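Labels below follow one simple rule: chain letters A, B, ... track the order of the sequence lines, proteins then strands, and each chain is numbered from 1. Everything quoted here is computed from the prediction, not taken from an experiment.
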Amino acid sequence: MNMKLFIFIVLISPLLASLSSFILKNKRFAEYISLLASSLDIIGAFIILYFVLNFKPIFLFNNAIAIDKFSAYLILLVSIVYFLSSIYSISYMRLAINNEKMTENEFFRYELFFNLFAFTMLIAPMINNMAVYLIDIELTTITSSFLVISEVTEKSIEAAWKYILVVSSGISLALLGTILFYLSGNIPGSANIVSSLDWTVLGLNAVYLNEGIVRIAFVLIVIGLGTKVGLAPMHTWVPDAYSEAPSPVSAMLSASLENVALYGIIRYFGIAGKSLGFGYPEVILITIGIFSIFIGVMGIIYQNSSKRLFAYSSIEHMGIITLGFGLGGIFGTFGALLQMLGHTLTKSTMYFGAGNFLHKFKTKNIKKIKGVFHIMPKTAFLFSIGSVALIGVPPSVIFISEFLIILQSLKDGYYLVAVILIGFLLAAFISLLTKSGSMVFGKADENFKAERGDFSPFSYVPMLLPLAASLILGFYIPNGLHNLLIGIVHIINFKIK
Amino acid sequence: MLGYSMPLYIYVIEDLLVSLVLLSSFVMLSSRWISFYIHAYGFQSFLIFVLTLILGIEAQSVDLYLVAFLTLFVRTIFVPYILLKMIKKFNIKEEVKLTLKIPFSIISGVVLTVFAYFLMYRLISPFSTKIVVNVSSIALSLIFVGFFMIISRFTTITHILGLLVIENGIFLLSVVVVPTLPIIVELVVLFDILVTVTAMLILSMFMKMRTGSFSTSMLNRLVG
């Protein structure tokens with residue numbers, strides 16, 4: 001099977017969609033070409049995944065592109081959210097043009113950068129050279145900061161400025177870390193020169209790297225890429241950008257961009273672990289993970305805005321995933337990978353729901369959104385189930401992943417970590433459920449003037465699909481997914497037999 | 001690698017150039033006028049271009065020549081040109097609002113430089129010559145000064161320049177410490193600078209149109 005063709009299709013279709021929609025300036029065409037491109041991408045992602053799972057990793061163009069199971073998994077996660085967001089964009093942008101005075105120029109700029117953003121995210125996990133990967137992450141920042149200002153307001157400009165400034169400085173730190181990684185393999189006078197920045201080469205020759213420099217380089221990488229992931233205390237841009245961006249973009253930022261950035265940290269985690277032993281990198285990831293969970297939960301508790309609520313929930317989830325990778329072992333890593341999938345599915349549902357609320361109620365304030373159940377029954381139903389799934393109530397896949405992470409911490413004797421994690425999860429459970437409950441149920445305002453009823457199917461079908469998937473995965477994890485995740489666990493953490 | 005088998009006067013020139021680089025970063029710390037900043041940045045990039053060229057001659061590496069000339073075009077000519085054009089277009093004469101007084105900024109710069117030297121000495125002195133330690137510690141201090149500029153000044157242009165100074169520091173560090181770095185890395189970093197500066201300038205134009213100023217001190221609506 002010629003894999004070049006499928007990779008080419010996956011990359012070229014969003015690029016063509018973005019350019020053609022911007023040049024032709026036809027609204028219907030722009031909507032459906034994005035949908036078509038994203039459907040092609042999701043099919044392509046499944047084919048790549050199938051090939052990598054059943055045959056061998058893909059290496060193309062003199063090893064410039066390297067796709068193993070981990071990369072293929074990430075490509076799938078990105079294209080799932082791209083697909084859902086491009087369905088939801090149709091509903092969201094039509095409403096924005098009709099009700100929110102969005103201009104045509106703003107709409108076509110949105111379509112241009114929406115597909116470009118997806119393109120930059122899809123190419124990131126394929127890149128072998130870690131420095132080029134970082135620059136690609138920087139490009140995702142730029143394309144998505146233009147998406148944050150889709151509707152140009154003072155608030156959205158502020159959010160975009162904070163986003164681009166904080167993340168660019170973070171990425172430059174990560175670049176410094178990458179250069180130090182290169183230095184660690186190129187010590188003058190040393191017998192073993194590792195002169196490459198490809199993760200495949202670095203991973204194979206990790207034992208030859210200079211340990212002292214790898215220590216510092218790994219910390220710089222975690223800080224730099226952690227800024228992009230939104231790990232505390234580098235999370236300051238996250239709630240602003242996620243709340244000011246249009247909902248389809250918030251979903252892409254939250255559910256796929258974070259995963260793509262975390263992918264880089266985990267690649268370096270594997271390399272550093274092989275070079276130093278896993279003790280040191282694991283402690284760093286555990287510490288930063290717990291701190292992120294703390295900040296995320298505190299943000300959830302004191303939150304009045306519906307979209308910022310989910311931004312803080314993203315910080316919390318990324319903390320849990322980082323903690324899972326940091327705890328290592330088969331349960332921890334498997335749980336973290338599964339949590340990536342669960343978070344991707346449920347968080348897109350929640351952002352789409354919050355977008356529908358925003359269009360109906362014209363506010364993000366939780367206290368002013370009341371009684372959605374009587375006004376938009378379908379959205380409200382999916383939203384309430386989604387929030388239950390998001391916090392990890394049993395039929396959801398997030399329950400399994402969080403349970404596995406707690407199990408790993410108990411197995412390794414990190415009892416304190418387990419207790420803290422359970423405490424924070426309970427706190428998040430109570431506060432998130434209270435807030436979403438007050439939005440969904442509660443008593444509708446008597447003076448509420450807008451028309452009752454749901455928006456078009458484009459507004460709730462993208463909520464239904466990932467939610468159903470996350471609930472089904474909670475009951476039954478298919479054999480293919482299980483094998484894939486086990487394969488990735490072995491790639492990341494080689495000491496597990 | 002720098003520091004082997006070259007006549008002594010080359011090292012003297014390199015030391016001189018790199019101390020001028022440090023000086024230019026202090027010029028930025030001590031000035032109040034935006035155009036001053038931009039000229040200092042252009043001067044600094046030019047010095048880095050000359051330094052890279054000398055290193056290229058030393059190492060006899062064609063890649064370094066190419067990188068040096070790209071630096072000349074992008075960092076020394078293009079970026080300062082568009083920044084100055086922007087200032088002219090919007091007729092900015094406002095001073096930079098400083099949260100910290102200039103003497104305090106300079107003292108912080110000195111402290112950061114000493115700290116950078118200390119760090120670099122600890123990190124790479126076992127296997128590097130003295131001149132490499134000197135140049136790379138100044139490169140690291142550029143990174144620190146860039147961060148300090150971002151956090152202590154509240155205009156979009158100074159934020160952009162802060163990022164550019166950080167970028168210069170990383171470039172200098174990579175050229176001096178790992179001259180064998182694949183050229184693709186330097187190329188994509190230059191591309192990244194171009195794209196980032198353009199994007200940030202567009203954003204700050206939006207900001208100027210909406211709020212009437214380049215100052216970022218009023219960006220305080222989003223909290224919590």
Taking A/Leu173, A/Ile187, A/Asn186 one by one, which has the highest count of heavy-atom pairs under 4.5 Å against chain B?
-> A/Ile187

Validation row: B/Met209, A/Val152 side chains within 4.5 angstrom (heavy atoms) | no

Which answer fits B/Ile202, side chain, backbone, both or neither, if we ask what part of it has an atom under 4.5 Å from a heavy atom of chain A?
-> side chain

Please lay out, stage by stage, how B/Val195 and A/Glu138 fare under the test side-chain contact (heavy atoms from CB on, under 4.5 Å).
-> CA-CA 9 Å; B/Val195 178; A/Glu138 177 68 26; over 6 Å; no

Rounded to the nearest 0.5 Å, how far apart are CD1 of A/Ile137 and CG of B/Asp192?
-> 11.5 Å

Proximal component of B/Leu163, with respect to chain A [non-hydrogen, under 4.5 Å] | side chain

Other residues, nucleotides, ligands: >12 heavy atoms within 6.0 Å of A/Tyr208 OH | no

A/Leu139 and B/Phe191: CA distance, side-chain angles, deciding distance, side-chain contact (heavy atoms from CB on, under 4.5 Å) verdict | CA-CA 10 Å; A/Leu139 289 181; B/Phe191 173 69; 4.0 Å; yes

Honestly, the part of B/Thr156 sitting under 4.5 Å from a heavy atom of chain A is both

Checked A/Ser169, A/Ser305, A/Ala131 vs chain B; the most non-hydrogen pairs under 4.5 Å come from A/Ser169

Excluding sequence neighbours, so at least two apart, what forms side chain to side chain donor-acceptor pair (under 3.5 Å) with A/Glu151?
-> none

Flag yes if more than 12 heavy atoms outside A/Phe59 fall under 6.0 Å of its CZ atom; otherwise flag no.
-> yes

Going by heavy atoms in the side chains, are B/Glu167 and A/Leu175 under 4.5 Å from each other?
-> yes

Is it the side chain or the backbone of B/Ile184 that comes within 4.5 Å of chain A heavy atoms, both, or neither?
-> side chain

Using non-hydrogen atoms and a 4.5 Å limit, figure out which bit of A/Ile171 sits close to chain B: side chain, backbone, both or neither.
-> neither

Run the side-chain contact (heavy atoms from CB on, under 4.5 Å) check on B/Ser174 and A/Tyr182 step by step: do they pass?
-> CA-CA 9 Å; B/Ser174 71; A/Tyr182 189 80; over 6 Å; no

For chain B, find which of A/Ser168, A/Gly212, A/Gly299 contributes the most heavy-atom pairs closer than 4.5 angstrom.
-> A/Ser168

Taken to the nearest 0.5 Å, the spacing of B/Ile124 CD1 from A/Asn210 CG works out to 11.5 Å

Rounded to the nearest 0.5 angstrom, the NE2-CH2 distance for B/His159 and A/Trp161 is 7.5 Å

Report, as yes or no, whether the 6.0 Å neighbourhood of atom CZ on B/Phe46 holds more than 12 heavy atoms from other residues, nucleotides or ligands.
-> no

Would you check, one step at a time, whether the test side-chain contact (heavy atoms from CB on, under 4.5 Å) holds for A/Ile179 with B/Val177?
-> CA-CA 9 Å; A/Ile179 285 168; B/Val177 180; 6.0 Å; no

Atom NZ of B/Lys208 and atom CD1 of A/Ile157: how far apart are they, to the nearest 0.5 Å?
-> 13.0 Å

Heavy-atom pair of closest approach, residues A/Glu154 and B/Arg210 = OE2-O, 3.8 Å

Based on non-hydrogen pairs under 4.5 Å, which of B/Leu173, B/Ile166, B/Thr180 is most in contact with chain A?
-> B/Thr180

Using a cut-off of 6.0 Å, state whether more than 12 heavy atoms not belonging to B/Phe78 lie near its atom CZ.
-> no

Pick from B/Leu123, B/Leu181, B/Ile143: which one has the most heavy-atom pairs with chain A under 4.5 Å?
-> B/Leu181

A/Asn62, CG: over 12 other non-hydrogen atoms inside 6.0 angstrom = no

Between the CZ atom in B/Phe206 and the CZ atom in A/Phe146, the distance rounded to the nearest 0.5 Å is 7.0 Å

Over 12 foreign heavy atoms within 6.0 Å of NZ, A/Lys155 = no

Compile the donor-acceptor pairs under 3.5 Å between side chains in residues 195-202 of chain A and protein atoms, sequence neighbours left out, one pair per line.
unit_1   : atom_1 : unit_2   : atom_2 : d
A/Ser196 : OG     : A/Asp198 : N      : 3.0
A/Thr200 : OG1    : A/Asn128 : OD1    : 3.4
A/Thr200 : OG1    : A/Asn128 : ND2    : 3.2

With rounding to the nearest 0.5 Å, note down the distance linking CZ in B/Arg122 to CD1 in A/Ile216.
-> 9.0 Å

Segment of A/Leu183 engaging chain B (4.5 angstrom heavy-atom cut-off) | both

